[in-house]
Structures are given as C-alpha cells and as structure tokens.
2 protein chains.
Amino acid sequence: MEITNQVKNQLSEAGLKATHPRIVVLRELVVSNDHPTAERIHENIKIDNPSISLGSVYRVLDVLVDAGLIQRVSVRSGSKRYDANMSPHGHLYCLQTNKIQDFYDEELYELINEFFRKKRIRNFKINEIKLQVNGERIDPDAEITIT
Amino acid sequence: MEITNQVKNQLSEAGLKATHPRIVVLRELVVSNDHPTAERIHENIKIDNPSISLGSVYRVLDVLVDAGLIQRVSVRSGSKRYDANMSPHGHLYCLQTNKIQDFYDEELYELINEFFRKKRIRNFKINEIKLQVNGERIDPDAEITIT
DNA sequence: TCGCATTTGAGAATAATTCCTAAATGGAAA
DNA sequence: TTTCCATTTAGGAATTATTCTCAAATGCGA
C-alpha cells in the first residue's frame, strides 16, 4: 500500500495520469528485482489484475521509459527487459542463465560522468549512459559476487 | 580484393570455414561504417550475390558475433545493428535520426578496463563491455562532432 | 458531478528473427 | 586433384516480439 502511493506520486510528478495499469505495472517493476520482460510482468500482475492486457503492458512500459521512470535493457536472446532502478548503475548479463545483475559503483560512474562533462560532444543531448557487461557464469548454479 | 583476402584470413584465424556468404557479409560490414541491420546488409550484397538469403545473413551474423569478429548493437527502434569494428569504442545513438556514431576514447576505456581489473567479480567471465550513450541531436540535420 | 482528452482492452497486424530440410560446398585427407 | 563428409546454405514456413486499431472506459481538472 505504501509502495502503491509512492508509485502514484512518481506518476503525477512525471506529469502522467495515475491510471490503474500504470500503477500496477510500475509497482510490479519496483518490487521485482529480476529485470522482467513485458510478458513476465503481465503474468505476474494478471493474478490480481486479469483485465490488464499484454498490449497495455507494452504501452505502459513505453510511457514509463519515455518519462524516465524506468529503463529498458537489451539482451542477446528474447524480449527486452525492464528495470525500475534509475540510480546510476551498470548491468552484468549472463548469456547462459539469461540473468541480469545490477552492479553499482559510484566511483566508476563518477569517472564516466566526469568524462562526458569534460568531453565536448556538440549537437547531441545525452539522455542516458548505458554500461552493460556481457559474459558468462563460470559455475551457472552459483551466484555472481562483486566485492 | 585486398579486403576480401583480409576477411578470409579473419575467418580462418577464427577457425571458421571461409564460405562465400561469410566472406561477403563480413566484407560488407568491414567496408560499411553505418552500423547496418541484417536486412540492409542483405540489400547491399544481393546486387552482386542474389543467391544469399536473408536467413543466411542472420545465421552468418550470429556466427560472426559468436566468433568475436563483429558485434551487435541494440537500439530503441527496429532491428539490431552490426559493427565490424572491434577496437574498444562506445556508441552514440540518436533516437531521432536512428543513427549510431562510433566514439573512441582510449583514456575512458583505460579507466573502465582498469576498473574491471581491480574490481573482483567472482564467477563471471567478461566477454565484452558495452558503453552506449543514448540521446538526441539538437539539430537533426547537422553532424555530431566530438573534440 | 460533469466533460472530455487520454488511456485502455481485445485482438488483428506487422516486424524481426529463427527454424526446417533437402541440396550444396569448403577443405582435410588420400 | 579428387573424394568424402561434416558443415553450411537457400528458400520458405514458423515463431516470437511488438505495435497498431478503434470502440469503450476512465482519470482528473473545472
């Protein structure tokens, strides 16, 4: 309930109508941490919201991305993935397990941002900087740990 | 002709049969600099090679990516794009014009590589590091210049 | 509460990519 | 240099992912 209100606020602050499909989709993304596809989001929400169509999930996701509330992540195989975490971070993508793992490092993002502040790129307005590290788990059953 | 031989060598060195479709597709990617889609590659080569099917272009591109001879670039709209330039560089992607511009900076890549050398990511073998900067041209008709 | 611009549901349509199978072929070995 | 065969290809069907269409529903400002 608390998260629902938080999500409603996010929508209004972004100048978007807080419609039921938007609240539900954004909420689902905020509580999930596995970078789901549109289809998986649809599956997860339809138990409680059987009337929300897959087409609407896609449409809502587009709106949320354009509003800067979520981001899209492209991976090798299958559908696009979505992430409600908009703090600066990169993605580790494992080709074998198809899992995406967030990956924070303030220092690295400081470096990259600093770089683009200094670099003069004329005639281009930067919207987002994506850093994605593709690879494979050595042991597919074990977790990836970052220290 | 020189490029064709170079491309043949690349294929054999990667342990791949130097088949006609592979030579032609890789050659086309090496000489083009606009990050074409599979369909565009097919269009460009079919004047001289009408028998190479679009399905084969896709199959060949997959093989070349897996062999590390080319890379895939994902963009917001439409098909995946391909790039035969494997030296460390990032991509500027303009949402309006759908153009991708290469973007070199040894210093930045030094920073990122250094970062991953120091950072301990356990149970993960890094295959590639992708840096993509999405944005929009301010004047869609003018070029993006980097200094 | 009303009015209406915006959004949605349902499903058709399109776009992008992969899959299938018989035929072709590159290149290792003789 | 020819033979042989595992690999690759052509052509087209099939599948997957996403977008589109439009009448009906709905959030929200007045």
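Letters A, B, ... mirror the listed sequences (proteins, then strands); counts begin at 1.
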Please tell me which of the listed nucleotides, [options], lies nearest to the side chain of [X]?
X	options	value
A:Ser53	D:dA10, C:dA10, C:dA16	C:dA10
A:Lys80	C:dG9, D:dT18, D:dT19	D:dT18
B:Ser79	D:dA10, C:dA16, C:dT8	C:dA16
A:Glu39	C:dT18, D:dG27, D:dA17	D:dA17

(request) Indicate, yes or no, whether a donor-acceptor pair under 3.5 Å links the base of C:dG26 to the side chain of B:Arg22. (result)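 No such pair is found, so the answer is no.
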
(message) Base, sugar-phosphate or nothing for A:Arg76? Non-hydrogen atoms, less than 4.0 Å.
(response)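 Sugar-phosphate, no base atom in range.
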
(message) Regarding A:Ala38, tell me which of base, sugar-phosphate or nothing describes its non-hydrogen contacts under 4.0 Å with the strands shown.
(response)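 No contact.
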
(message) What I want to find out is whether A:Arg76 reaches B:Asp62 closely enough, with some N-O distance under 4.0 Å, to be called a salt bridge.
(response)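 B:Asp62 and A:Arg76: salt-bridged.
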
(message) More than 12 heavy atoms of other residues, nucleotides or ligands under 6.0 Å from CD of A:Glu39: yes or no?
(response) no

(message) Please check if the number of heavy atoms outside A:Arg120 that lie under 6.0 Å from its CZ is greater than 12.
(response) no

Rounded to whole Å, how long is the line connecting atom [atom1] of [X] with atom [atom2] of [N]?
X	N	atom1	atom2	answer
A:Leu16	D:dC28	CG	P	10 Å
B:Leu11	D:dT9	CG	C1'	15 Å
A:Ile23	D:dG27	CD1	P	8 Å
B:Leu54	D:dA13	CG	P	14 Å

(message) Please compare A:Ser51 and B:Gly78 by the position of their nearest nucleotide in DNA chain C and report the one closer to 5'.
(response)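 Taking each residue's closest nucleotide, the earlier one in sequence belongs to A:Ser51.
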
(message) On DNA chain C, compare the nucleotides closest to A:Gly55 and B:Ser12; which residue's is nearer the 5' end?
(response)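 This one resolves to A:Gly55.
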
(message) By nearest heavy atom, map B:Lys17 and B:Val57 onto DNA chain D; which one lands nearer the 5' end?
(response)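 Its nearest nucleotide lies further toward 5', so the answer is B:Lys17.
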
(request) Say whether B:Ile126 and B:Tyr109 are linked into one hydrophobic cluster, either directly or through other cluster members, by side-chain heavy-atom distances under 4.5 angstrom. (result)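 Both belong to a single hydrophobic cluster.
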
(request) Tell me whether the OP1 or OP2 atom of D:dT19 has a side-chain N or O from A:Arg59 closer than 4.0 Å. (result)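 For A:Arg59, the contact criterion (side-chain N or O under 4.0 Å from OP1 or OP2 of D:dT19) is not met.
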
(request) Examine D:dT19: is either OP1 or OP2 under 4.0 Å from a nitrogen or oxygen in the side chain of A:Tyr58? Give yes or no. (result) no

(request) Describe, in one word, how the ring planes of A:Phe103 and B:Phe116 are oriented to each other, choosing from parallel (under 30°), tilted (30 to 60°) and perpendicular (over 60°). (result) perpendicular

